Amino acid sequence: METAMDKDKMENIDLDAPTPTPAPAVESLSEPGLGMDSAAPLAGSEPGSTLPLPAKESNGIPTPPKNGTASNGFIPLVTVVGFHHARGPEVETWFGAPEGVDPAVDNEWPLLPFMALSDGAHVSTEDFSYFTLLRPAHGDVPSTSLFGISCTRQMDASALLNRPADVTRSTVQKAVVVIADSPQFFGMLRERLGVVTKAWFAQREFTDTEILKRFQESLQEEKERGVGQAEEDREEYLGMSLRELVREFKAQTLVLFKCCLLQPKMLFFGSRCERLCMMQFSLISLIPGLIRNLQDCADPELDAYERHLTKPTSLKTSDRSSLLSYMGLPLQIFGKGSLFGPYTPLQQLDILADYGTKSYIVGSTNSLLLQQKDRYSDILINLDNTTINITSSSLRSALALSVADRRWIDFITQSVNDTWDEANPGRPKTMGYVGSEEFIRLQFEEYLLSLISAVKCHNYLQHHANNPKAMLPQVEGDPAHDFGIDWIEAWSRSENYRIWDRYTDSHLFDIVEPKHPCAGGLTIEDVQRRMMEQVKEYKLDERFATGKEVLGRNLQAGREKASTAFNKLYADIEARREAQRKKYDEQRREAERNGTALPSPGFTAPDLNGAKQTVQSVGSKAGAYIGSWGTWMGEKRKTGWGRSPSTSAAQRKEKEKEKENAHAPALPIRSLGGDEKKRPEPIKTDARDRDRPNTMESYEESLFDAEHPTSSPPKNLDAVKRKSVPPPPSSQPERSPRQSVSISNSKPQPSPRAASRFHEEIDEDGPVAAPVPGVAAEEQRVWGEESGKVEKMTERERRKRSSAVAEAVVEATKTPISP
């Protein structure tokens, strides 16, 4: 057996390694049950079967056995941390330490009570905290990292059987803490610690610590016997739910994974301490083998992993552990200058701000760190609202996912969502392999192997860019582009890249194909998948469903309101009809009693008196309106129909005087009686007649001046002469001047020759006829009397009459005139 194993195993010892005696370390790690690793089941193997892993060559910290205990000589410790009302958190008692020895003092753990009792633990009945401690070097034992897990509970002080005098608060809060040398079995240890703490609190007597003492003794016995070492791979991930991580962060899960490899300052925040710590453990567990190699994570000064690391020279492809070791895994992200603190109290911020601390992954439940996120973090992960805030611009550009990356993580996210079970989130509802924890881990392992192989190929192509003979015909282009060139350049500047590149072969791409698991350009399927993910991410379907439901309720309420309104309207109409019917019945009965005619339903007899008054009023107003028009026409005849209203009064008076003084032939006028009489000259008018207001005060000039030019009056008014009008036949009897005036006030009969005037026509060549003295005097007297009557009307009376006429016309058009 041993000979066959020696043949299969090709050991290699790096002569340049700092350790002077590497051979004994290999031998000590080759003992059964101490240094042997077990691998996860491979494809095609029987269920539950595992392949033995090769012994660790120099990837651990070999320490000589001490007092017959485990290889590193550390015995698990159990302690109780209580909260004192005056002194705050403090260590009360230790189990597993020698009598009179305080490990917190010897190992300089002043912050242990604050790590055990997390901020905000008092708001929950039970909570767990995970933290790291530095164990300093003692003699031949080098400094290393220790890991603590605490279970915090509280109970009412009144429920205690014997209440101590120093218990002054209403509740008692205590934490039971286990300190171990490895976090591999924290999943199983967490369940046992919770049961023990609950049983101790159920006693209601904290002075009885027998159950805690027995619990520590069982842990020490298991450590000495090496219980669970052969099945460490099976139990080391218990309690770390990758399905919840992928479910909550979706595509951002790959962003967090690649961010860990860049080693920035990562700060996790959450109100629940256990969930905060387990998210960090789940994230770093995606790097194969890292959980078993966290010996340097408690302090930035530790670098034992690199000092004891050798470059592998052999490979057994059928052995998964041998393959991972040859490919340079795990990538040690917690080395020199790095720190890992699942729960970090505020009292430890000075370590985070120290110059020697270059990178870390820490968690906090105190919201004060959110106010100083720019100082203490390059990337902040808020678990309460599931957000990622990248404060560094260079880190943000490096973490941008490529098309192939997005396609790959969308496939994993879809697998988890399709198999999600709310009752049991850690297991697919189909009970199958796809979407399970093992499925997710192996997918990330395949991605990481392809990544480091593509990076080695990228370095090889750059190094032999000018050598055509060194080209790789089986590789198409540069496979590193699918992983993001910006990210690869940022990773090449990290510490874990330096260690990995130094202790791995340059031709790793000959072992694992340098190709992205989802290589290729953007396709329509990628777009559709991304759109579906965004719809689910923003819960658009739920919002649309909610909106549809709200719209349906509003429509239903609107229909009910409309129906109620119509019913009410119909009821009002029916009530009105009923009232009218009753009123008609009463009128009918009254008419039958009085012997009068029956009234018709729905008809009211007209008011004849009111109609008569309306007719009389309209008639009087219409008569006044027509009379005002007759008066205006009479005034127009006196001034002449063709006069321009723009002519000034002074000019007209001057011209009229000239006409009176002119000695021209007489102008014959139309005979109104038996004898022929001269037509008198127009009578002079003053400014009041010229400024007569128009009807309704809406026109600027007279209707009969439309054809007259609006320019200045003629230059030579003396040239304006009147043509002779032949007298009509003298068959009519002679009439008086009064009769002549009344006739002239009637509607004029235009002459056939007067096409554009009513009575006059301008003759520029003919002389102006002189008036007959007798006739002119009589006509002037008659026209003067009429003009005097008109001049007596004031401007206010004219406007009042015009307004009355306008109201009469409006009333006449609105009120029907019926007999």
Side-chain angles (χ1 to χ4, degrees), residues 12 14 16 254-255 257-264 286-288 306 309-317 320 322-333 335 394-409 411 442-523 526:
N12 176 66
D14 190 0
D16 297 331
L254 182 57
V255 173
F257 175 74
K258 299 178 75 172
C259 184
C260 290
L261 300 180
L262 298 182
Q263 293 183 266
L286 292 175
I287 302 177
E306 183 181 3
L309 186 63
T310 59
K311 185 176 182 178
T313 57
S314 62
L315 170 65
K316 188 176 181 180
T317 56
R320 171 176 170 267
S322 177
L323 175 63
L324 297 179
S325 178
Y326 187 82
M327 298 294 292
L329 298 179
L331 297 175
Q332 188 52 266
I333 61 176
S394 59
L395 182 62
R396 187 183 301 108
S397 60
L399 292 178
L401 298 180
S402 63
V403 175
D405 283 346
R406 190 60 187 258
R407 185 186 300 121
W408 180 80
I409 192 61
F411 165 71
L442 289 182
Q443 291 295 325
F444 273 91
E445 180 179 308
E446 178 189 5
Y447 178 88
L448 189 56
L449 292 176
S450 302
L451 170 63
I452 58 181
S453 178
V455 171
K456 285 291 185 179
C457 182
H458 173 74
N459 297 340
Y460 178 84
L461 293 176
Q462 285 189 336
H463 188 265
H464 299 86
N466 299 325
N467 187 5
K469 296 181 179 180
M471 291 295 100
L472 302 175
Q474 71 276 13
V475 178
E476 183 179 354
D478 190 352
H481 284 82
D482 289 332
F483 296 94
I485 293 298
D486 293 340
W487 183 88
I488 292 177
E489 292 179 357
W491 184 47
S492 63
R493 297 188 295 267
S494 64
E495 275 295 307
N496 71 90
Y497 175 87
R498 181 188 60 81
I499 299 173
W500 168 79
D501 190 52
R502 178 181 177 183
Y503 292 97
T504 53
D505 191 88
S506 60
H507 286 68
L508 292 182
F509 52 86
D510 291 334
I511 307 301
V512 177
E513 183 182 5
K515 183 180 179 181
H516 196 286
C518 293
L522 185 65
T523 60
D526 299 332

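Atom set for the values below is all heavy atoms of this structure, side chains included, hydrogens, waters and symmetry mates excluded. All figures in this text were calculated on a predicted structure; none of them were measured in a lab.
- Put simply, the side chain of S453 gets close to the backbone of V512: a donor and an acceptor are under 3.5 Å apart.
- Smallest separation of non-hydrogen atoms from H464 and M471: O-CE, 2.9 Å.
- Judged by distance alone, with hydrogens and angles left aside, the side-chain atoms of S325 form no donor-acceptor pair with the main-chain N or O of S322 at under 3.5 Å.
- Annotation: the span from C260 atom SG to F257 atom CZ amounts to 8.0 Å, rounded to 0.5 Å.
- Between the side chain of K258 and the backbone N or O of A398 there is no donor-acceptor pair closer than 3.5 Å.
- Annotation for T313 and Y326: closest pair C-CE1, 4.4 Å, computed over non-hydrogen atoms.
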Task: Test log, rule side chain to side chain contact (heavy atoms under 4.5 Å, CB included), inputs I511 and L449 - done: CA-CA 10 Å; I511 307 301; L449 292 176; over 6 Å; no

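- Aromatic ring orientation, F483 versus H516: tilted (interplanar angle from 30° to 60°).
- One distance of note links CD of Q443 with CG of L286; it measures 12.0 Å at 0.5 Å rounding.
- Considering only heavy atoms from C-beta on, L262 comes within 4.5 Å of L399 through its side chain.
- Counting heavy atoms from C-beta on, the side chains of R320 and L324 come closer than 4.5 Å.
- Once rounded to the nearest 0.5 Å, the distance linking OH of Y497 with CD1 of I488 reads 9.0 Å.
- For the residue pair H481 and I485, the shortest heavy atom distance occurs at CD2-CG1, 3.5 Å.
- For H507 and F509, the gap between ring centers is short of 6.0 Å.
- Evaluation of the side chain to side chain contact (heavy atoms under 4.5 Å, CB included) rule for E513 yields K515 as partners, not counting sequence neighbours.
- The shortest heavy-atom contact between P288 and E445 is CG-CG, 3.9 Å.
- Counting heavy atoms from C-beta outward, D501 and V455 have side chains that stay 4.5 Å or more apart.
- With sequence neighbours left out, the side chain to side chain contact (heavy atoms under 4.5 Å, CB included) criterion links N496 to Q263, L331, I333, W491, S494.
- Rounded to the nearest 0.5 angstrom, M327 CE and L451 CG are separated by 9.5 Å.
- Proximity of L315 to L323: side-chain heavy atoms (C-beta onward) are separated by under 4.5 Å at one or more points.
- Within the 4.5 Å cutoff, no side-chain heavy atoms of D482 are placed close to those of W408.
- Side-chain atoms of R498 and E306, non-hydrogen and from C-beta on, do get closer than 4.5 Å to each other.
- Looking at every heavy atom in both residues, P479 comes nearest to P514 through CB-O, 2.9 Å.
- Summarising the geometry of T504 relative to K311, their closest heavy-atom pair is O-CE, 3.5 Å, with the distance given to 0.1 Å.
- Residues W500 and L261 form no side-chain contact, since every pair of their non-hydrogen atoms from C-beta on lies 4.5 Å or further apart.
- For D478, the salt bridge (charged side-chain N to carboxylate O under 4.0 Å, His left out) criterion is met by no residue, not counting sequence neighbours.
- To the nearest 0.5 angstrom, C457 atom SG is 8.0 Å from Q474 atom CD.
- Under a cut-off of 6.0 angstrom, the local environment of CD in E476 is sparse, with at most 12 non-hydrogen atoms contributed by other residues, nucleotides or ligands.
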